[in-house]
Amino acid sequence: MIDGLFVTKRFNTYADTFLMLGLARLAEYALSQTKQKAQMQLVDEGSRYRIQFKKPINLEAIALLPYTDPFPPVCGKKTDSSKLPALTTPFNTVEKTEARRLFREYQFQHRHQASWSEDAPPPPDPKTQNGVVLTSMRHDRNHNELWLQGWELRENYGLLIASLLEAFSQENFSKLNGDIKRVTDLFEKSAKCKLPQQFSAVKIFLPTAVQGVSRVKADGNKTDPQKIDWLTLWLIANGLFTFGISERVKVAERVYDWRVTALEPKDISFEKYKVVLDDLRKFNPPSGGHGIARFDAELVLRFCQGLLKSHEAHAKERPEDDSELWQPTNWFVRGFIGTHFGQKGQVYGVKEIFTLGLPIWVHPQNYSQIQDYQNLLKEHLGAITSLAAEEHVELLASYRGFLTGNELQSFFNFQVKYAEYITRSLADKNAKSPRLFSVEGLNMTIDKFKHRQDDKEWSLTEITEDPGFLRIAKAINSATVYAGKIITKNGQIDLDWERQYGLAQRLNSQSGSKKDFVIELTAFIASYENENLRIAEKIQKLGKVPRIWTTKEDLDRVIRLIDKFGSNLVANLLIAYGYAKWGKSKTSEEPPDDISGGISEEELSIATESETGESDDE
C-alpha cells in the first residue's frame, strides 16, 4: 500500500513538470482500471513534486493491467510511419489541425451569440497543437521511437506501472537519479527483462539541449549527441503530449516561432487540473497571431477565467466543501513555465526559457464575487485584445509585465502608457475606440495590494475612497476621456471644451517630487476651473449639466494623502482612475457623476459605450 509519489526536480525546466504529470497520468490509468477510487492531489514542495493519494492504493492488481497507449505516435504529412505496427492508429496532425481550424472559425463567426446552433462542429482535441509542434520541429521520429519502445514492453506493461509507482513512492534524496534506477531494478526483477537503456535527447522534451547537444558540449569542440535514460524521456513525452500548451506565435511577417508551456501545479487536484487545462485548450485558447506579449497575457487571463469557472461549478455541486476555493489563483498553481523555440530556416532553436506568474488580485472570497471577477477578467481581455502587436508592442509588453509580475508599480507604468494611448486614439477619427478599465475593476484590483511604509502596512482604499481624490480623478477624466469630440447615437458631437493631451505624462514626470507634483496638479486644476467658468454660462442657458467642479478642500485632502503615502503613489492612482470608465454613484456621499459634459444621460450612456469600444467586436 502506498500513499503518494515523490518526484525530485532534476532539470529546473518544464521537463520536471511534464515528468511528474506523465507519472500522474499513468497512476490515474492504474487506479481507474483497478477500480481504486483514490483522488490525487498535485503538490509542489519546492525541490520536488508530491502526488498525494486521498486513500492508500494497492499495487497487486496494477501489476496485472493490460497495455494501453500512454501517448499515441504522431504522424504529419512527411512522417515516416513504416516502423509503426499495422493496427496502430496514430495521432494524425493534418486531420486534427483541420478540425481545430473549422471549430475556431465557427467560434469566431458566432462569438456574439448566446448559444450555438446544432450544426456547430465538434470541439478540437486539446492535444492538437502538442502533436503539431512535434511534426513542425521534426521531432515526430524521436517521439514515435519512444512510443515504439514502450509498445514493445506491452506484455509487461502492468509490471512497469507497478514498478514506477513503487519506486517513486519511496522518499530518497541520496541520488539524483535514484528513483529511475529503482524502477529499473524492480522491473527487471519482476518481469525478467530489461528496459531500454538510453535515448537521444530531444530539445522539445529537454530544452537545455541545443540541436540535440548539451549546452556545455555545444561550447566545446565535441558534438556527441546528448543521451539520457529512456524511462525519463518516455515519462516527459507522456506529460508534454497530454498536458502541454503549445502554439505557433507570430514574431514577424510570415515568421512564426513555437511557444511550449507547462502549467506548474502548486496545490490542486489532478481532476481540476485536467478539466481547466482541457477547457482552456479546446474552447478558450490564447491567440498566437498577435505577438508574444499578447499571447502570454491572454494565456494567463484565459486560464484564470477557467479556474474561476471550475470554482463556480465546485461550489454549486458541493457547497459544504468549498472553503478552500476562496484563495488567490496562485495558491492553486504557481504559473506557467515554458520554452520559446525560434525558427532558424528549416530548424528551430531554443531562444529562451521563461516563466509567467499569475495575478494575486484575482481572489474571490465568496461565491457571489466569482462573477465580479469574471467580469473583471473580461474587461482586461477586452483591453488587450483590442491592441495590435504591430502598433502597440511596448504597451502589450508593459501590461504583461504587470500581469505576470504582480508589482503595483508595473501596473502604474502600464496605466501611464495606456492613458497616452487612450487620448491619442480618441483624437484620431480613424483609430479604433479604446477600451477603458472601469473604476469598479480598478477598485477590485487595487484592493489586493498593500502599501508598506515605516514598517506599517496601509490599504490603498484609504486613497481611492477619499472624496477629494475621487473628485479630482473625475475632473481628470472629464478633461481627457470625455472631452472634445465624442460619438453618440446621433453621430459625432463636439463638446464645449477641448480635450487635454499629455496630462498623464506631465503628472507622472513630476510625481517623484511632492513639490513639483503639487505644482503640476494645481496648474491642471486651475486650467480646468478656468475652462468650467468659460463654459458655465453657455451650458446653463442651454439647460445642460455642467462638468464636475473641484474645491480647495479636495486639493487639501489630496495633499494630505501625498504627505502620508507619497507623491508617486497618489499621482499614479490619479492617472489610473482619471482615465477609467466611471459608473453611476451608489450613495449620496460619493462625488456626483455629472461628468456628461452637457449631453443627456441617454447620449452619455451611448457615448460611453462607443468610446470604450464595448459595443463593437472583441
Side-chain angles (χ1 to χ4, degrees), residues 129 245-251 256-264 276-277 279-281 283-309 328-330 333-340 351-363 373-422 432 434-438 441-442 444-445 448-449 576 612-613 617-618:
Q129 293 299 84
I245 305 174
S246 306
E247 191 58 73
R248 293 174 72 240
V249 180
K250 186 176 182 181
V251 295
Y256 287 82
D257 289 348
W258 274 99
R259 226 157 156 80
V260 182
T261 314
L263 175 62
E264 286 194 287
V276 174
L277 199 60
D279 283 352
L280 170 68
R281 295 182 298 178
F283 303 110
N284 202 22
S287 171
H290 302 280
I292 298 170
R294 177 166 153 180
F295 173 83
D296 292 347
E298 282 192 54
L299 175 63
V300 171
L301 291 172
R302 294 181 190 277
F303 167 75
C304 291
Q305 285 183 320
L307 187 63
L308 290 181
K309 182 181 175 183
T329 51
N330 60 356
V333 291
R334 289 195 181 279
F336 295 92
I337 182 170
T339 303
H340 185 99
K351 186 177 287 186
E352 69 165 334
I353 295 175
F354 62 90
T355 58
L356 303 172
L358 294 176
I360 60 173
W361 43 268
V362 180
H363 184 189
Y373 276 95
Q374 287 285 28
N375 292 335
L376 175 59
L377 291 170
K378 186 178 179 181
E379 184 177 292
H380 279 253
L381 268 171
I384 67 165
T385 54
S386 67
L387 303 175
E390 296 78 10
E391 304 173 43
H392 312 117
V393 60
E394 185 180 354
L395 199 53
L396 286 166
S398 180
Y399 177 80
R400 177 184 58 180
F402 153 69
L403 183 66
T404 62
N406 287 313
E407 291 289 338
L408 190 58
Q409 187 57 49
S410 298
F411 180 60
F412 292 150
N413 294 339
F414 164 73
Q415 284 288 349
V416 171
K417 295 183 179 71
Y418 201 67
E420 181 183 8
Y421 159 73
I422 288 171
K432 187 176 181 180
R435 300 290 183 94
L436 304 184
F437 293 94
S438 68
L442 287 176
M444 292 171 65
T445 303
K448 296 299 180 288
F449 291 92
T612 58
D617 56 3
E618 183 185 339

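Within the model, atoms CG of Leu307 and CZ of Arg302 stand 16.0 Å from one another, a figure rounded to the nearest 0.5 Å. Atom-to-atom distance recorded for Thr261:OG1 and His340:NE2 is 10.5 Å, nearest 0.5 angstrom. Going from atom NE2 of His363 over to atom OG1 of Thr445 covers 13.5 Å, rounded to the nearest 0.5 Å. Annotation: the span from Leu395 atom CG to Arg294 atom CZ amounts to 12.0 Å, rounded to 0.5 Å. The distance from atom NZ of Lys417 to atom OG of Ser398, rounded to the nearest 0.5 Å, is 4.0 Å. Interatomic distance, CG of Leu377 versus OG1 of Thr329, reported as 8.5 Å (0.5 Å rounding).
No side-chain donor from either of Ser287 and Glu298 sits under 3.5 Å from a side-chain acceptor of the other. A side-chain donor-acceptor contact under 3.5 Å links Gln409 and Asn413.
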Verdict with reasoning, Ile245 to Val260, per side chain to side chain contact (heavy atoms under 4.5 Å, CB included): CA-CA 6 Å; Ile245 305 174; Val260 182; over 6 Å; no

Trace of the side chain to side chain contact (heavy atoms under 4.5 Å, CB included) decision for Val300 with Phe336: CA-CA 8 Å; Val300 171; Phe336 295 92; 4.3 Å; yes

Stepwise side chain to side chain contact (heavy atoms under 4.5 Å, CB included) test for Asn284 and Gln305: CA-CA 9 Å; Asn284 202 22; Gln305 285 183 320; 3.0 Å; yes

Criterion side chain to side chain contact (heavy atoms under 4.5 Å, CB included) on Val276 and Phe303, from CA distance to verdict: CA-CA 7 Å; Val276 174; Phe303 167 75; 3.5 Å; yes

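Summarising the local packing, CD of Glu352 is surrounded by more than 12 heavy atoms from other residues, nucleotides or ligands at distances under 6.0 Å. When the shell of 6.0 Å around NZ of Lys309 is examined, it contains 12 or fewer heavy atoms from other residues, nucleotides or ligands.
Each of Arg248, Arg281, Glu247 was scored for a side-chain hydrogen bond (donor to acceptor under 3.5 Å, both in side chains) with Gln129, with one residue passing: Glu247. The side chain to side chain contact (heavy atoms under 4.5 Å, CB included) test with Thr404 is passed by exactly one of Leu358, Leu356, Leu299: Leu356.
Side-chain contact between Ile384 and His392 is absent, with no heavy-atom pair separated by less than 4.5 Å. Counting heavy atoms from C-beta outward, Cys304 and Leu301 have side chains that stay 4.5 Å or more apart.
Annotation: cation-pi pair Arg259/Phe354 present, NZ/CZ under 6.0 Å from the ring centroid and within 45° of its normal.
Partners of Phe411 according to the ring pair (Phe, Tyr, Trp, His ring centres under 6.0 Å) rule, which considers only residues two or more places apart in sequence or in another chain, are Phe402. Scored by the salt bridge (charged side-chain N to carboxylate O under 4.0 Å, His left out) test, Asp257 finds Lys351 as partners (sequence neighbours excluded).
Contact between Glu407 and Phe449 at its shortest, heavy atoms only, is C-CE2, 4.4 Å. Asn406 approaches Leu403 most closely through the heavy-atom pair OD1-O, 4.2 Å. Closest heavy-atom contact between Lys448 and Met444: CG-O, 3.8 Å.
Classified by interplanar angle (parallel below 30°, tilted 30° to 60°, perpendicular above 60°), the ring pair His380/Tyr399 is tilted.
Remark: side-chain polar atoms of Gln374 are not paired, donor with acceptor, to backbone N or O of Leu308 under 3.5 angstrom. Proximity of a side-chain donor or acceptor of Arg435 to a complementary backbone N or O of Ser386 within less than 3.5 Å is not detected.
Checked against a 6.0 Å centroid threshold, the rings of Phe295 and His290 do not count as neighbours.
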